[in-house]
2 protein chains.
Amino acid sequence: MTHEQFAKYSFLLDRTARKVKQYAQQQFKSGDFDVTVDQWLVLKNLSENHLLSQTQLAQLVFKDHPTLTRIIDLLCKKGYMERIPNPNDRRSFQLHLTTSGEEKVRALRPQILEIREKAWENLSETDFEEFKRILNTIYMNLGGQEIEEE
Amino acid sequence: MTHEQFAKYSFLLDRTARKVKQYAQQQFKSGDFDVTVDQWLVLKNLSENHLLSQTQLAQLVFKDHPTLTRIIDLLCKKGYMERIPNPNDRRSFQLHLTTSGEEKVRALRPQILEIREKAWENLSETDFEEFKRILNTIYMNLGGQEIEEE
DNA sequence: TACAAATAATTAGTGTGACAAATATATGAA
DNA sequence: TTCATATATTTGTCACACTAATTATTTGTA
């Protein structure tokens, strides 16, 4: 195995990650989902974790604070979530979905699971486990923190 | 395997791809490479393929035309490459590295190979092959074209 | 030849990603 | 209590991604 061969994984990784996002976004668009792929990730995590602060949410979705601030701005503007002042700490907010946001998550979840499954055609459950293991190893090699398990 | 489990690969894939890019960009920065990770991808491909058009280059690096136009603008401004009018087709350019660009590629290539290798600690050559196979399968499942072989 | 359709590249607009700096508030030690 | 330090969030800037629309040129066909 030459060095040149090793260097290719980064290109393939980036290309595939962008293809996956691109494919999902196109499906989102043709289905009139009214949210982007990244906005969905935020909504989904909020539906599973109540009253998070932005810092907590940022760690969950692996986005930096400025990026998350802007995504939240957009989702608030669309009426899917709200920032509630934290009574115990005036620096921070408690994030929560509005009724409209809860409905959106309920409506989209099954459709999105179906979209996500498309990538996995022609692959096995063993592949899935291997893939996760390798991705997480790379993530840790480069300084990533704690892999969430479930 | 539940649907919910399957949907997680997209998050891990995106997270790892961004970590890899982020790590490389930090190393590029601390080494004063004077190019971004994506700009390097363009320089490297130009050094291996002469007189490409922007459309040809876009396919090689899997970037869309607007993005590539801007990356090329930046690289021309830095003096690493030039657009030469194509004598056979006045709509298009023939791209080529300047002497300064050739030198940049020669100087950076070994350092970048070393940076890229870091991600691969604790993984085997078999893992590498499996990883490439799975990435390419996903890419093809979502409509990706022809996997380049070498 | 003439003209519609295709192609190469650019521009514009919005969203996301990374990093630095700024603002507001909280906390801990003197 | 007071002040330095830490934390939560926002703002600013640049780069990249995707879409749609635009400009210039070429090609295919009548």
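No hydrogens, no waters, no symmetry mates; every other heavy atom, side chains included, goes into these values. Every chain is numbered from 1 and lettered A, B, ... according to where its sequence line falls, protein lines coming before strand lines.
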Mind checking side chain to side chain donor-acceptor pair (under 3.5 Å) for A:Q94 and listing every partner two or more places apart, or none if nothing turns up? none
Restricting to pairs with a member in residues 79-95 of chain B, which pass salt bridge (charged side-chain N to carboxylate O under 4.0 Å, His left out), not counting sequence neighbours? B:D73-B:R83, B:D89-B:R91
Rounded to whole Å, NZ of A:K29 lies from C1' of D:dA17 at a distance of 13 Å
Just grab all the side chain to side chain donor-acceptor pair (under 3.5 Å) pairs involving residues 18-31 of chain A, residues at least two apart or on different chains. A:D14-A:R18, A:K21-A:D38
When rounded to the nearest 0.5 Å, the distance separating CD1 of B:I112 from CG of B:L108 is 4.5 Å
When the ring planes of A:F28 and A:F33 are compared, do they come out parallel, tilted or perpendicular, using 30° and 60° as the limits? tilted
Return the polar atom pairs (N/O with N/O) between nucleotides 23-26 of chain D and the protein under 3.5 Å, or none.
residue : atom : partner : partner atom : Å
D:dT25  : O2   : B:R91   : NH1          : 3.4
D:dT26  : OP1  : B:R90   : N            : 3.1

Does any residue of residues 31-49 of chain B have a heavy atom under 4.0 Å from DNA chain C, and if so, which ones, in number order? none
Sequence-distant partners of A:P66, side chain to side chain contact (heavy atoms under 4.5 Å, CB included), two or more places apart: A:D64, A:R70
If you pin A:R18 and A:F93 to their nearest nucleotides in DNA chain D, which one's is more 5'? A:F93
Between A:K21 and A:Q94, who's closer to the 5' end of DNA chain D by nearest nucleotide? A:Q94
What residues, two or more places apart in sequence or in another chain, satisfy side chain to side chain donor-acceptor pair (under 3.5 Å) together with B:N141? A:N122
Enumerate the ring pair (Phe, Tyr, Trp, His ring centres under 6.0 Å) contacts for residues 55-104 of chain B, please, sequence neighbours excluded, ordered by first and then second residue. B:F62-B:Y139
Polar pairs (N or O, both sides) under 3.5 Å between protein and nucleotides 2-5 of chain D?
none

Locate the shortest heavy-atom distance separating B:V35 from B:L43; write the atom from each residue and the value. CG1-CD1, 4.0 Å
Using the salt bridge (charged side-chain N to carboxylate O under 4.0 Å, His left out) rule, collect all pairs that involve residues 94-117 of chain B, keeping only residues at least two apart or in two chains. B:E48-B:R109
The correct set of residues in residues 62-86 of chain A placing a heavy atom under 4.0 Å from DNA chain C is A:K63, A:D64, A:P66, A:T67, A:R70, A:I71, A:L74
Which is true for B:Q26 with a 4.0 Å heavy-atom rule: it touches a base, it touches only sugar-phosphate, or it touches nothing? sugar-phosphate
Which is the 5'-most and which the 3'-most nucleotide of DNA chain C that has an atom under 4.0 Å from a heavy atom of chain A? C:dG15 to C:dA26
